[in-house]
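Each ligand, and each atom within it, is numbered from 1 in the order the structure gives. Heavy-atom basis, side chains included; hydrogens, waters and symmetry copies ignored.
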Amino acid sequence: MTQTLTKKIHLVDLVSLHDRLKPELDAEIEKVIASASFINGAPVGELECALSKYLGVKYALGCANGTDALQIALMALGIGKGDEVITTPFTFAATVEAIVLVGATPRYVDIDEQTFNMDADLLEAAITPNTKAIMPVHLYGQPAEIERITHIACHHGLDLIEDNAQSFGAEYKGKKVGSFGRVSTTSFFPAKNLGAFGDAGALFTHEEDLFWKLKMIAQHGAKVRYTHELLGVNSRLDTIQAAVLNVKLKYLDEFNKARQAAAALYDHYLSQANLQTPYRDINATHIFHQYTVLLPKAGMRDKLQQFLSSRGVPSSVHYPIALHLQTAFRDERYPKGALPIAESIAERVLSLPMHTELDEEQIAYISEQVIEFVGRKESAT
Ligand SMILES: *Cc1c(COP(=O)(O)O)cnc(C)c1O
């Protein structure tokens, strides 16, 4: 029996989420408008304090977006020309873009077949005399093996920069990710688990000196206005965005629980489907920025996506091309085939609708359409 849809299915549903929070959001935004303090208004400092407490890191600094945050982190650590930064080829482009923008060279390690995160077993072999930092990503909301990565960074005297844009609120062995790195960064792009009403981001560090350096760089390299000691950028968090985030941060754990509940329902309804549902690391919590399934064969994904679309189910691919194969980041050391797991997984992943407003009826419907296309596992027929 085919179920019918009673509500339109969205890939992301910010409209319904914000409707629920509208009175609070409107009040905070109106206060900012009344104050006309659009840059460095009081909500920015309040947010930085709340974010640092939430993550368990001493210092938080708001900035304009998650990409700037990565670039500012690299600049503050003095990473540039001739330096290598080890990262994953299977992430949003910003991670690698920031490394290239500061003049450094990305060095890739392939990913783990189950978590799709940087494979910590391959890390030490990628370290060279030029390596300055390791930059792991906690992809889709699931922490990388951050404890092992931290030990390796420490043992080799390398800086650890966590790109925590997709996993704000996730934990590894009970400790929030984003609190392991010498610097960590996040993004408050609207569709992230904690999203603003436009671009926004933040940086975190336990070190006071480094915090001030990050802050100077984000404000044109000046501690005192019009006195520029360092080469910097203009990357501030707008007061209006901070006001929105102050409201939404209070609900972040609730949002993440709603995503986890949706993921558990998907797991249940897709348990017989001929595909791989998201792996869970027993040491970590997964906060499902994406619910991404892995298809058994290349070539199935695009057809499944078209089929789902014809059934009213939107989906998305995160990410279709591993970064070492992108024209913008071409590097002869990484030809096609150099990072086989990332390359193969990029051809087989599909992200299903994932947000705080999904209900069981929708998840059952989506799962039913997926199973109609991919079939059931052989052992299950
Ligand atoms: C979203 C994202 C970024 C960039 O954040 P922006 O705020 O869009 O600049 C960086 N890294 C990862 C892994 C992301 O998902």
Side-chain angles (χ1 to χ4, degrees), residues 11-12 14 47 51 60-75 85-102 106 108-109 111 115-118 133-144 146 149 160-170 177-178 180-181 183-204 214 218 233-238 240-242 244-245 248 256 259 286-292 316-324 326 328-329 342 345-346 349 351 354-355:
L11 195 60
V12 173
L14 296 173
L47 178 69
L51 287 170
L61 175 71
C63 69
N65 58 68
T67 310
D68 279 6
L70 290 164
Q71 186 183 340
I72 293 164
L74 290 161
M75 288 171 79
V85 178
I86 301 175
T87 191
T88 163
F90 195 57
T91 168
F92 179 59
T95 315
V96 169
E97 197 173 51
I99 297 168
V100 177
L101 276 171
V102 300
Y108 302 103
V109 292
I111 58 174
T115 64
F116 309 158
N117 279 318
M118 170 185 280
I134 304 174
M135 197 190 267
V137 178
H138 307 297
L139 197 73
Y140 304 153
Q142 174 154 261
I146 195 63
I149 296 170
L160 178 64
I161 305 167
E162 286 178 272
D163 180 346
N164 197 20
Q166 301 193 1
S167 45
F168 200 77
V177 290
F180 290 82
V183 183
S184 78
T185 66
T186 199
S187 164
F188 304 119
F189 179 81
K192 300 281 155 96
N193 290 32
L194 177 59
F197 282 6
D199 280 313
L203 288 136
F204 299 85
L214 293 166
V233 295
N234 174 20
S235 189
R236 290 172 298 225
L237 175 68
D238 292 340
I240 284 198
Q241 301 304 347
V244 167
L245 290 165
K248 291 180 77 178
N256 286 342
R259 288 172 178 272
H286 193 325
I287 56 163
F288 292 96
H289 174 55
Q290 304 294 349
Y291 187 92
T292 304
S316 185
V317 179
H318 306 99
Y319 296 91
I321 306 171
L323 294 182
H324 65 291
Q326 294 279 1
F329 310 127
I345 282 170
V349 282
S351 301
M354 173 49 77
H355 54 79

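- Using modelled atom types, no side-chain atom of Gln290 and backbone atom of Met354 make a donor-acceptor pair closer than 3.5 Å.
- Looking only at heavy atoms of the protein, atom 9 (O) of ligand 1 is closest to Thr67 OG1, 2.5 Å.
- To the nearest 0.5 Å, the span separating CZ on Phe288 from OG1 on Thr292 amounts to 9.0 Å.
- Counting only heavy atoms of the protein, atom 2 (C) of ligand 1 lies nearest to Lys192 NZ, 2.6 Å.
- For ligand 1, one of its N or O atoms has an N or O atom of Ser187 under 3.5 Å away.
- Residue contact check: Thr91 has heavy atoms under 4.0 Å from atoms 13 (C) of ligand 1.
- At the top of the distance list for atom 15 (O) of ligand 1, counting protein heavy atoms only, stands Gln166 NE2, 2.8 Å.
- Closest heavy-atom approach to atom 6 (P) of ligand 1 within the set Ala200, Ala196, Gly66, Ala202: this belongs to Gly66.
- Closest heavy-atom contact between His289 and Gln166: CB-O, 3.3 Å.
- Using modelled atom types, one side-chain atom of Asn65 and one backbone atom of Thr67 make a donor-acceptor pair closer than 3.5 Å.
- Interface atoms of ligand 1 facing Val137, defined by a heavy-atom separation under 4.0 Å, are 13 (C).
- Of the heavy atoms in Asp163, only side-chain atoms (C-beta onward) come closer than 4.0 Å to ligand 1.
- Only the side chain of Thr95 comes within 4.0 Å of ligand 1, counting heavy atoms alone; its backbone N, CA, C and O stay farther away.
- Taking Ser235 as the reference, Asp68 meet the side-chain hydrogen bond (donor to acceptor under 3.5 Å, both in side chains) condition, with sequence neighbours excluded.
- Side-chain contact between Phe116 and Val349: present, with at least one pair of heavy atoms (C-beta onward) separated by less than 4.5 Å.
- In terms of the side-chain hydrogen bond (donor to acceptor under 3.5 Å, both in side chains) criterion, Ser187 has no residue partners (sequence neighbours excluded).
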